[in-house]
Undergrad: 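First the structure, then my questions, so here it is.
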Amino acid sequence: GAPDGPGKSTGDTTGEVPQRPGRAVTLNVLDVAGNLQLTQGMIDDFVAKNPDMISRVTYSKAPAPELAGKIKAQQGANRVDIGLVLTGVDGLAAGIEQGLWLDLLPTFQDRLGGMRDYLEPAAAMQKLAGNSGVTVTYYPSGPLLEYLPARLATPPTDAQALLDWARANPRKFQYARPANSGPGRTFLMGLPYILGDANPKDPSAGWDKTWAFLKELGQYVDYYPSGTTETMKNLANGTAHLIVSTTGWDINPRVLGTVPKEARITPIDGFHWVTDAHYAVLPKGVSTDTQAAVLALLAFMLTPEQQAKAYDEGYFYPGPAVKDVGLASAPQKSQDAIREFGRPEYDALIAGNPTEVPLDAKSLVAAFNRWDREIGGGKVKQG
Amino acid sequence: MSAAGPGRPSAHWRHRLAERGIDRQLILLVPALVFVIALFLYPFFYGLSLSFQPTDGGPFSDYARFFSDAYERGTIWITLRIALPAALLNVLAAVPIAYRMRGRFRGKRLVTTLLVVPITLGTVLTAQGLLNFLGPTGWFNRILLATHLVDEPVRLTHNYWGVFFSLVITGFPFAFLLVLSYLSGIDPTLERAAATLGADWRRRFTRITLPLLMPGLATTFCLTFVLAFSVFPSAVLVGNPAGETRVISLAAYQAAYEQYDYPYASAIAMIMGFVELVVIAVVLAARSRFYTGATGGKG
Amino acid sequence: MSAFSQLRLDGVSRRFGGQDALTDLDLTIETGEFIALLGPSGCGKSTALNCLAGLLPLTRGSIWQDERRIDTLPPERRGFGMVFQSYALFPHLTVRANIAFGLRMRRLPKEETRRRTAEAVRLVRLEDHVDKLPGQLSGGQQQRVAIARAVVFEPSLVLMDEPLSNLDAKLRLEMRTEIRRLHQSLGLTTVYVTHDQEEALSLADRLVVLREGRVQQIGSPRELHTRPANWHVADFMGYRNLWRGRVARRDGSRATVESSGQRLLGEAVGDFADHADVVVAVRPEDIRVDGAGETSNALSATIEVVEYQGRELAAEARTDTGQSLHLRTEQRIAPGDQVKLAIDPQRLLVYPAGATAETDRLADTPAATR
Amino acid sequence: MSAFSQLRLDGVSRRFGGQDALTDLDLTIETGEFIALLGPSGCGKSTALNCLAGLLPLTRGSIWQDERRIDTLPPERRGFGMVFQSYALFPHLTVRANIAFGLRMRRLPKEETRRRTAEAVRLVRLEDHVDKLPGQLSGGQQQRVAIARAVVFEPSLVLMDEPLSNLDAKLRLEMRTEIRRLHQSLGLTTVYVTHDQEEALSLADRLVVLREGRVQQIGSPRELHTRPANWHVADFMGYRNLWRGRVARRDGSRATVESSGQRLLGEAVGDFADHADVVVAVRPEDIRVDGAGETSNALSATIEVVEYQGRELAAEARTDTGQSLHLRTEQRIAPGDQVKLAIDPQRLLVYPAGATAETDRLADTPAATR
Amino acid sequence: MASITQAPPARPPATDDRRRRVTARPAAWIVWGVVIFFFLNLLGVVASVLVSSFGRRWFDTWLPDGYTTSWYGRAWDEFALLQVIVVTLEVSVLVVGLSLLIGVPAAYVLARRSFPGKRLIFLVFLLPILMPPITYGIPLATVLYKFGLAGNMSGVVLANLVPSVPFVILTMTPFIEQIDPRIESAARMCGAGLRTVFVRVLTPLLVPGILASAILVLVRTVGMFELTFLTAGPDSQTLVVALYYSMSASGIRAQQSVDAMAVIYTSMMLVLLVVALRYVNPTQLVAQVKEDPEH
Ligand SMILES: Nc1ncnc2c1ncn2[C@@H]1O[C@H](COP(=O)(O)OP(=O)(O)OP(=O)(O)O)[C@@H](O)[C@H]1O
Ligand SMILES: Nc1ncnc2c1ncn2[C@@H]1O[C@H](COP(=O)(O)OP(=O)(O)OP(=O)(O)O)[C@@H](O)[C@H]1O
Ligand SMILES: [Mg+2]
Ligand SMILES: [Mg+2]
């Protein structure tokens, strides 16, 4: 093997974390969850107001699976230059397992007052994060089914109907490969609740009905696109008549024009929301100055005024993780978009259905793996 | 380098080395050598040794793991099934076209220039373009539907064919330009000589041009094959990365960056390199059976 | 494939993108003849040969083999053999396979192919090399393979495009004899392209001199050697001394020429009248050094440069009137010698000058200014 | 840079990977001499020249410029000029810049560089072409640039490696005169490499004949022309008729040789005794066709091939004893003629045969079997 | 040869020319057909991206509903393209410069000299081009990370050098071989030392080769996905990698803005290409055979 690299530290990394950084820092933000669409405005706002804390900020995006490898490599080299990571559950959990993240809680609990006002399901999501992550945005996600009324008048509304419909309309039902797709993943995790599986948290042993269902459903599925966008496009152009969606994926693509405005959604009987959240984490090895700056930034982001920006254009609908952030306080652009493309029925659906936290990372990887081998890979033999 | 040793008194060791072609000028080679050793050979052997230090099990357990798992093992076959036909098609299609275009004619530069364009597209735009163009409601299917050649869109993306087409789009121009340059390396008077000896164009091609082109074709095949074999982004973007286009580089990538199992990833990478080198070795062995000397052209 | 008694080129012309490479070539070739196409580089020799071979389509004109028009046939159906300047041997085939190629293309029985190949190999004396590849042969051997390959199927016409120009002097001499021998022993009709006048003279029965795509003269070696049709041909045929002058008097085939203040008597070739601008042409070996007693065409000169050439010396001399001239002699002379030169009026040819632009380069120092 | 009175090569040798390319070359060059290195391809001429130039390190031996040892100096510090076969002009520099290059390297004052460049340009008569790039010049012009570039900085020695071999015959002749003139007018010490014996004879004061890396003979053109030191040199110097024989009697400088049943009287060159195997060498032009009345060295033969060569004919004849020979004559002969040939015993040279392997190729048809 | 077209001559043309063209027709038709089919599809691929990048929305129709240029602005902001492009250019320039500095001298030695072990060295230089980038990229990235050289610009540059240096060597070798070594000898005979020979003679003569090889390396580096992907850090992503992320990273983004980004990428490559083609023949982009205009 190679000798351990020298690397160079970017300042003190272990000492006391001051309230304010000694001097303004450059902050590199890595987003592996698409979270910046919601929070970049908040960060920019903070930087504009506090140039003495953060002098410059750079943003970069990467697919979630790469996150841990990247951070680990930087930590191995003893030169971590990513100051803030915005991630979903998957990246967060992978990092926790490898011990990549700094423990923010309870040490800095008092600096992050906003955490006390989390919505209830957001608080549940926060529990998943242990002591490492701070929930910055939250949404109940799905699973939902989406369709165009022009092509499909009455959509199936329960699992059996879905199967029957797919059988009757082969190749017209689509969902994307779960490992690459939020809605696909939510659908996968939501099915055990809908089908009443033995243990919805144990994909290896407790998901018999789900796997059987997916396998059967798979016979009528033409192929599994490698991204949600593709399923949206297919819905829009008529290749697919029924796809899997989430609240955000329902609203935002219609705002963007990827999907016609007339598209509708329907829940599946007996579904539980499989919630989702984005977290902010700090990799171990960042300097105390950066830590201080990021903590201040996070506190700022959890204020209701800033949280209101999370409405965005419905991308993560609703978005805010803290209570009592009304649409009215959101930027005008958000208000307009959601007024035009949002759905009043969501409030009732969110209120009226139970919420569940998603699978932990290990189980999720196991589920993906099994899905890849048995459901996705199964297409090889048929095709 | 210091093989001076005792010799005839008149033969200075420098002379003796110079006689064998060793002198100070070789220093110019040093930076490149240092570079290739540090950045290629060392990491390569590091990876090799890493592949024998799996997280658990004996030194070969990662290799055993790969070959005992049909899902993983299958990636070799999947990759070959994509790369071999694509490389073959690229080379074979290039031959008649290059053969037509080897002379000088107006617009030749335009055609060759146009053919270079796909090289600049990059995998991502190609993927994006293929998704748009060959997709179920893309122009291609629309034309087929409009002309009633099919009643239902043909599916050409998110499967084997999507990857195949992306390899053709990026690989064919490359193969064509290479074949063209090999062809123009063959002295045109050879064919004219064959003509005066009574050979019609078919036999001129099969008896003279083709045998002389064969080594070039083999080389071209190897290079296009290398490109096709390491297909990665398009396998994800236009293929079906869970199924029929789960190529071996994807397996290596997932091992490294999704499972963080570097030894296993290294093992897969080594297997990948090995399989590729085997194919190349076979082709080059076949190539050596052809005449490979000068072909008298401007090559 | 069948022999013919006459091959006729009728106004054969070829243009390349608006430029005439060959203009109106009329030529009749009899069976068994050895014809040399001679001319400086770029004069259209290869173009003519390629047109004949069918490798270049004609722009105008026609080619007739007896009563059969053949310019529409592709090269492989004309049945001519060709030897290329750079040999154009098939590098991937052995000597034997190279030579047999033409027979194979004609689908002769195996046995006959073998027999005739072996015969051709013997003819060019390459018995020891039949299994080698061309790359393993020396230049002369390659040239022989090329010749054997072109003659093995007994073509009705053999075309050769500067076949010796890639060989060194000694080998060239040997191969020249070889080609001449082959021609005599096989009775092959041959068209031979070269820019080397000596080669053409020594090989051909008839010479065709081209210049800028046009025929200048067709004739036997002796005719060309002793009486070139114009001063360009003379220049090309080794008349190294060319200088301008003006006709003082023309008297039938005799002409008296005024050139740099000297009066010279010579043979008039071509049409010109008194006082016309002319060019005078003399070979170096036709200038005699022992001209002391001569009355006409005597020049006194100083030797400037002397080159030893075995039995003879080649020298450059400058006349008292400042004209530089080349001469060859067996006499022992040295630089600085004052000599009396004389030129036999029979050997001093007088040509009409033609366009001024062309004669411009013929200053006092013939042909050396270029 | 400074002139010298003597340049001495002392046992200069060079090996390439175990193969001797040049062995023990001893040669002393006097100022102002024109020396030609002559020999067949691959004999080591270029190797010798490159060793002298410093472009190749020696394997053994030393080179002395008067009392200074120079074989350890790099080429740029020896101050020699060199002209290369393929001109080796700098294609990116104009003619002027090419010629001035050597002066620039010596950091001469601008003014002097300009003056001397202009002078050199005048010397080679390229005034009209100074601003062209080499690619825009004809072969002969390029060759002149190369010469000017090599002589402009007045090198103590000019080396030329087959400078004319890329030119066509006519131009070669002209440039040859040019080089001779330059040598005479500038008094340059010159070492000239060629494989063309005619060129070497006509240019050099002294010739060095090499064979397989070893000196065969050093001498004046006349010595080499009339009395080559061994039959290899003779072969190379144009003695096209070489055939094997056995000495019947040696008598001082006279030897009687038995060859294919004929007795020939000739000059003995080198050591051999009675009954030794010998090689007989005769030039084609030394065989007389009008030998009817001769008693010694008379051969009756049949003319087989005749080539026209202007004033002379070259012919190949076969003696009644089956020997083939080359001859040149001004007499009119034709294939099939029966002739009586005679050879002046002074012109028939007899050499010891040496190793059998080498004389093997000298069968009945001299030199043509290769 | 047969494809020379010319003005009609005065005498009636030889029938031969036309006849042979007719017989060559079917094969020619097929070949040209295939070429045209290829180009049409290629055009479709490129145009569909281009059209889409300007389309307001585009569902199941031949053309988009309306046109807008806003996707470009969106892509520019969303992916911080300015920074990405700057990084891309910096990386490319560094890679080109370094690989030339390292590669050209080595190419010179390999082209000019023979010495023991030359074949082996050549093979070693060939391997990085023959191996799939992933095969050595994964261990390389691991090693680079270990030494703290990856995850930033130096890592990207170093990783991209691995195929670039051999590439420079391979492309430069024939160019150097084409230069008559006697020209160097001539310069030395004129009194130029080794350094002067390099600066005054070799370099000017190699300019076309150096340019060709530089542009090729540039194009390859800009387009090199795998190695950059494996070694890039947050502030050292090049355009291809950003593009890949834009397609595969999570988050909802309009297809059109990805299309717009792809168009930006391709335009950049095209600019490079147009520049390249001023200096090199298209066939030279993949193989260094000097085309002789005379034949
Ligand atoms: N393929 C071609 N395209 C354009 N011009 C050509 C072509 N081939 C020959 N030419 C031109 O036609 C003229 C005659 O050429 P050709 O090759 O017949 O000359 P040549 O007498 O054989 O000369 P050389 O002794 O150099 O071989 C020249 O001016 C040449 O430039
Ligand atoms: N660089 C080299 N490496 C190996 N052998 C060489 C090298 N240069 C020359 N030789 C060999 O040395 C011998 C002499 O070569 P040299 O070039 O001196 O011959 P030459 O007399 O100049 O021939 P030519 O007339 O063909 O130029 C030849 O056998 C040649 O093969
Ligand atoms: Mg020609
Ligand atoms: Mg030589």
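Quantities reported herein were computed from a predicted structural model and do not represent experimental measurements.
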Undergrad: Which distance, rounded to the nearest 0.5 Å, do you find between the OG1 of E/Thr196 and the CZ of D/Arg104?
TA: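 Those atoms lie 13.5 Å apart.
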Undergrad: If I measure from the heavy atoms of chain D, does E/Ser185 come under 4.5 Å with its side chain, its backbone, both, or neither?
TA: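 Both backbone and side chain.
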Undergrad: With a 4.5 angstrom heavy-atom cut-off, which part of D/Phe84 approaches chain E: side chain, backbone, both or neither?
TA: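 Side chain only.
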Undergrad: Between E/Leu205, E/Ile179, E/Val207, which shows the greatest number of heavy-atom pairs under 4.5 Å with chain D?
TA: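 Highest number of pairs under 4.5 Å: E/Leu205.
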Undergrad: I need the E/Arg188 CZ to D/Arg77 CZ distance, nearest 0.5 Å.
TA: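 The distance works out to 11.5 Å.
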Undergrad: Return the minimal non-hydrogen interatomic distance between E/Ile183 and D/Leu89, and the atom names on each side.
TA: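 Looks like CD1-O, 3.4 Å.
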Undergrad: For D/Met105 versus E/Cys190, what's the shortest heavy-atom pair and its separation?
TA: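 Where D/Met105 meets E/Cys190 most closely, the heavy atoms are CB-O, 3.5 Å.
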Undergrad: At what distance, to the nearest 0.5 angstrom, does CZ of E/Arg182 lie from CG of D/Leu55?
TA: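 CG of D/Leu55 is found 11.5 Å from CZ of E/Arg182.
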Undergrad: Using a cut-off of 6.0 Å, state whether more than 12 heavy atoms not belonging to D/Glu127 lie near its atom CD.
TA: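 Yes, CD of D/Glu127 has more than 12 neighbouring heavy atoms, counting only those of other groups under 6.0 Å.
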Undergrad: Of all heavy-atom pairs between D/Phe90 and E/Ala186, which one has the smallest distance, and what is that distance?
TA: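 Closest approach of D/Phe90 to E/Ala186, heavy atoms only: CZ-C, 4.2 Å.
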Undergrad: For a quick test of reading the model, state the closest non-hydrogen atom pair linking D/Glu76 to E/Leu194 and the distance between them.
TA: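 Shortest heavy-atom separation between D/Glu76 and E/Leu194 comes out as OE2-N, 4.2 Å.
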Undergrad: Is it the case that the side chain of D/His92 and the backbone of E/Thr203 share a donor-acceptor pair, with hydrogens and angles ignored and the cut-off at 3.5 Å?
TA: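 No: the side chain of D/His92 does not pair with the backbone of E/Thr203.
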Undergrad: Kindly give the heavy-atom pair with the smallest separation between D/Phe153 and E/Met189, and that separation in Å.
TA: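 Nearest pair, atom of D/Phe153 first, then E/Met189: CZ-O, 3.6 Å.
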